[in-house]
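Encoded as C-alpha cells, the structure appears first; notes follow it.
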Amino acid sequence: MASTYLLYESASGYALFHAHGLDEIGQNTEAVRSSVSDLNRFGKVVKLAAFHPFESALDALKQCNSVSEGLMTDELRSFLEINLPKVKEAKKAKFVLGLAEPKIGSNIFEETKIPCQSNEFVLELLRGVRLHFDKFIKDLKSADLEKAQLGLGHSYSRAKVKFNVNRVDNMVIQAIFLLDTLDKDINSFSMRVREWYSWHFPELVKIVSDNYLYAKVSKFIEDKSKLAEDKIPGLIDIIGDEDKAKEIVEAAKASMGQDLSPIDLINVQQFAQRVMDLSEYRKKLFDYLVSKMNDIAPNLASLIGEVVGARLISHAGSLTNLAKCPSSTLQILGAEKALFRALKTKGNTPKYGLIFHSSFIGRASARNKGRMARYLANKCSIASRIDCFAEKSTTTFGEKLREQVEERLDFYDKGIAPRKNIDVMKDAIESADNKATDMDIEEVPSEASGKKNKKKKSKGNANGEVAGENGDVGEDVKSEKKKKEKRKLDRKTEEEGSEDINGVKGEEEAGKKKKKKKSKEEKVVVVVDHVEDGKKKKKKKLRREEEEDDDDE
C-alpha cells in the first residue's frame, strides 16, 4: 500500500506530515474520527516530516492568496520536492499527498506529477493535525499560533475588500437601493405637503400637478391673502407658464381654504423645503448612478439602461454573480415568488422579471413579449460577461447588442430578417480595436509634439526668431509637406530606374536626380522659412516647383 503524506497550510508556515500504520485503522473514517481527539493515539499514526515557516506576514498573505486561488508557489514546490520521495517518470509513485483543497492538488499534479488525494479520510486526518498542530512543532505556543491566524485572517479579508472596492459594484447596489427608498419617501412626503397646504389653498392642487413644482409654489406663495399680481413674474419663473401663474393668482382671490397662523405656515414652508431638497438630491444620486454604471458595466448600461442594469446587479448580489447566471435565470430574475408559486400550483411560469421594465418589452406586442424577453435576457447575459471579464471598458459591444435587439423587434413587427450574430460580433470586435488604436495614436503624438515644440522653440530663440501664434499648426504642415515630397521623389526614382536601359543614361539621370534632390531640399528650406506668410503662398510655391521638375525631365 502506498504511504500517505499530509500537507497542512497553517498561518505560520507549511507543514508536511507522514501517516504511519494506516493498515491497522483500515482507512475507516469512523475509526479515524474517534482517534483524532486523543493525541496519544493520533501521534502514533501521524508524525511531522518537515516544516517551512513563512518569512513575514506579507509572505504568509501571498501564500494564502495563492492557495485560495489553487496555484502552487515556488516556495511550496521546492518544499515538496525536497521533503517528498522523488517520482520517476516511467514508474508509478509509491506515495500519495493528502490535501484539503482539490484545486491546488490538481495544479501540483500538473506541475510536479506528485499524486494528490482529497477525500473524507484525508480531511479527518487534517482535522486532527489542525487540532494538535501546536503539539507537533517545538517552541510553538498556542497563543502565538492564534495571533498568527488572527493577523493573517485580518490581512486576507482586508485584501479581499480592497479588490471588491476596485470593482465598485457595491456602490451601484447601495445607490439603487437608496434611489428606490428616496422615490417612496418623496412620493409620501409630497402627498403630505399637498394635504397640509390644501387646508389653506385647496385650488392649487388642480392647477399644479407635479409634486416638486407644488412644493416650490407653496413655499413661494406662503400666505394666499398676500398673493398679488406683482408676484406673477416669480410664479412664471417657477412654473414656466404665464397662463397658469395668472390662474393661481385669480384662484387665490376666491379661495375657499381656511386661514393658517404664522407658525403653521412656517412649518409647512420648512417641510416643503425638505421635500425640494430631497428631490434635488435624488437627481444628483441618479447622475452618480449613471456615471458609476458607465464605469463598471458600460455595455449592460448601453443595452438595457442604467437603472434596469443596476437593479439586475443588485438583485444578483454583484456583477460577477450576474455574469455567472445563465440567460434563463436572468430572464426571470426578480420574479422568484411567481416562479415558485407556478411550480407549486403547476401553472404557467413567468416570462420576465426585472427586465420587464426595459422599453424593449413594452414596445413588443402581447404575442411576442415572451420571445422578446428571452432574446433580451440572452443579450444582457453576454453584455454582463463582457463587462465583468474584459480588461478594457468599452460601450461598443453594448451598442451592437442593442442594434440586434432593435432588429429583432423589426423582425417580429415587419418581417425584416436580422443580421447573423457572428457578423455583428465581428463588426463589434473590429470597431473596438479601431477605437483602442485611435486612443493610442492620440496619446502618442501629443507627447511627441510637445517634445518637438520645445526643441523648435529653443532653436528659434537661439537664432533670434519670434514664433507666431500659429506656430504649432505651421510645424505640423511642414512635416506633412516634407513627407509628401519624399514620397514623390521615391516614386520618381523607382519609375526612372525601371526605364533605364543604358548604363550611361542611368548615370546621367542619377546625376540629375542628385541635383533635383539638392534643389528640392533647398526649396523645402525656403518654404519652411516663409511658413507664416500663409497657406496659399505655400501651395503655389510647391506647384511651381513640381512643374519645373516636370520640365527638367
- Query: What do you reckon, is CG of Leu343 surrounded by more than 12 foreign heavy atoms closer than 6.0 Å?
  - Reply: yes
- Query: Do side-chain atoms of Asp387 reach the backbone of Leu300 as a donor and acceptor pair under 3.5 angstrom?
  - Reply: yes
- Heavy-atom check, side chain of Leu145 versus side chain of Phe133, under 4.5 Å: yes
- With distance as the sole criterion, is a donor-acceptor pair present between the side chains of Gln273 and Asp277 under 3.5 Å? yes
- Could you grab the distance from atom CD1 of Ile304 to atom CE of Met293, nearest 0.5 Å is fine? 9.5 Å
- Message: Between Gln63 and Thr73, does the side-chain hydrogen bond (donor to acceptor under 3.5 Å, both in side chains) criterion hold? Intermediate values first, please.
- Response: CA-CA 7 Å; Gln63 301 294 333; Thr73 58; 2.7 Å; yes
- Which pair of heavy atoms, one from Ala15 and one from Leu48, lies closest together, and at what distance? CB-CD1, 4.3 Å
- Salt bridge check: are Asp180 and Arg311 linked by an N-O gap of less than 4.0 Å? yes
- Can you tell me if Asn378 uses its side chain to pair, donor with acceptor, with the backbone of Arg374 under 3.5 Å? no
- Test side-chain contact (heavy atoms from CB on, under 4.5 Å) applied to Phe136 - qualifying residues, sequence neighbours left out: Phe17, Phe42, His132
- Residues at least two apart in sequence or cross-chain that pass ring-ring contact (aromatic ring centres under 6.0 Å, His included) with His315, listed by chain then number, are none
- Item | Residue Glu55 excluded, over 12 heavy atoms near CD under 6.0 Å | no
- Note on the structure: d(Ile114 CD1, Lys86 NZ) to nearest 0.5 Å is 12.0 Å
- Item | Which atom of Ser358 lies closest to which atom of Val308, heavy atoms considered | N-CG2, 4.4 Å
- Query: Nearest 0.5 Å, what's the CD-CD1 distance between Glu101 and Ile104?
  - Reply: 8.0 Å
- Message: With a 3.5 Å distance limit and no angle check, can you tell me whether Arg419 reaches the backbone of Val424 through a side-chain donor-acceptor pair?
- Response: no
- Query: So, Thr329 side chain and Cys325 main chain: donor-acceptor pair closer than 3.5 Å or not?
  - Reply: no
- Task: Might you work through the side chain to side chain contact (heavy atoms under 4.5 Å, CB included) test for Leu376 and Arg408, ending with a clear yes or no?
- Result: CA-CA 10 Å; Leu376 184 60; Arg408 185 53 62 115; over 6 Å; no
- Message: For the backbone of Gly398 and the side chain of Asn299, can you confirm whether one donor and one acceptor N or O come within less than 3.5 Å of each other?
- Response: yes
- Should we count CG of Asp423 as having more than 12 external heavy atoms under 6.0 Å? yes
- May I ask you to test the Leu179-Phe286 pair for a side-chain heavy-atom distance under 4.5 Å? yes
- Message: I need the minimum non-hydrogen distance between Thr396 and Ala428, along with the two atoms involved.
- Response: CG2-O, 3.5 Å
- Item | Axial cation check for Phe189 ring with Arg274, 6.0 Å and 45° limits | no
- Atom CD1 in Ile173, atom CG in Leu319: separation rounded to 0.5 Å? 9.0 Å
- Item | Which atom of Ala215 lies closest to which atom of Ser218, heavy atoms considered | O-OG, 2.8 Å
- Task: May I have the step-by-step check of side chain to side chain contact (heavy atoms under 4.5 Å, CB included) for Ser209 and Tyr214, ending in yes or no?
- Result: CA-CA 7 Å; Ser209 56; Tyr214 186 90; over 6 Å; no
- Query: Are the side chain of Ser381 and the backbone of Ala377 linked by a donor-acceptor contact shorter than 3.5 Å?
  - Reply: no
- N/O donor-acceptor pair under 3.5 Å between Ser118 side chain and Leu99 backbone: yes
- Task: Please tell me if the side chains of Tyr281 and Leu285 come closer than 4.5 Å, counting only heavy atoms from C-beta onward.
- Result: yes
- Query: Could you give all pairs that pass the ring pair (Phe, Tyr, Trp, His ring centres under 6.0 Å) test and reach residues 340-368, with sequence neighbours left out?
  - Reply: Tyr352-Phe356
- Message: Using side-chain heavy atoms (C-beta onward) and a distance below 4.5 Å, is Val193 in contact with Ser190?
- Response: no
- Please step through side chain to side chain contact (heavy atoms under 4.5 Å, CB included) for the pair Glu124 and Val129, ending with a clear verdict. CA-CA 9 Å; Glu124 286 297 329; Val129 168; over 6 Å; no
- Message: Taking Glu280 first and then Lys283, would you say they form a salt bridge - that is, a charged N and a carboxylate O separated by under 4.0 Å?
- Response: no
- Is the closest side-chain heavy-atom distance between Asn211 and Ile186 below 4.5 Å? no
- Task: Would you check if Glu406 and Arg363 make a side-chain contact, meaning some heavy-atom pair closer than 4.5 Å?
- Result: yes
- Query: Of all residues at least two apart in sequence or in a different chain, which pass the ring-ring contact (aromatic ring centres under 6.0 Å, His included) check with Phe54?
  - Reply: Tyr14
- Item | Value rounded to 0.5 Å, distance of NZ in Lys400 from OG in Ser302 | 12.0 Å
- Enumerate the residue pairs fulfilling salt bridge (Lys or Arg N to Asp or Glu O under 4.0 Å) with a member in residues 330-354, sequence neighbours excluded, ordered by first and then second residue. none
- Partner residues of Arg371 under the salt bridge (Lys or Arg N to Asp or Glu O under 4.0 Å) criterion, sequence neighbours left out: none
- Query: Near Lys369 NZ, under 6.0 Å, is it more than 12 heavy atoms from other residues, nucleotides or ligands?
  - Reply: yes
- Item | N-O pairing of Arg192 and Glu195 below 4.0 Å | yes
- Task: For the pair Thr112 (side chain) and Phe109 (backbone), establish whether a donor and an acceptor sit closer than 3.5 Å, ignoring hydrogens and angles.
- Result: no
- Hey, does Trp196 have a side-chain heavy atom less than 4.5 Å from the side chain of Asn267? yes
- Note on the structure: Smallest heavy-atom separation, Ala335 atom then Gly353 atom, equals CB-CA, 4.0 Å
- Task: Take Asn421 and Lys379, measure what side chain to side chain contact (heavy atoms under 4.5 Å, CB included) needs, and give me the verdict at the end.
- Result: CA-CA 11 Å; Asn421 188 48; Lys379 299 305 171 189; 3.4 Å; yes
- Message: If only side-chain N and O atoms count, and only distance matters, is there a donor-acceptor pair under 3.5 Å linking Ser291 with Asn294?
- Response: no
- Item | Exercise: identify the closest heavy-atom pair between Gly334 and Leu354 | CA-CG, 4.1 Å
- Message: What I'd like to find out is whether the side chain of Ser314 reaches to under 4.5 Å of the side chain of Val172, using heavy atoms alone.
- Response: no
- Check the pair Ser365 / Asn368 against side-chain hydrogen bond (donor to acceptor under 3.5 Å, both in side chains), numbers first and verdict last. CA-CA 5 Å; Ser365 61; Asn368 296 320; 3.1 Å; yes
- Roughly how far, to the nearest 0.5 Å, is NZ of Lys292 from CE of Met171? 7.5 Å
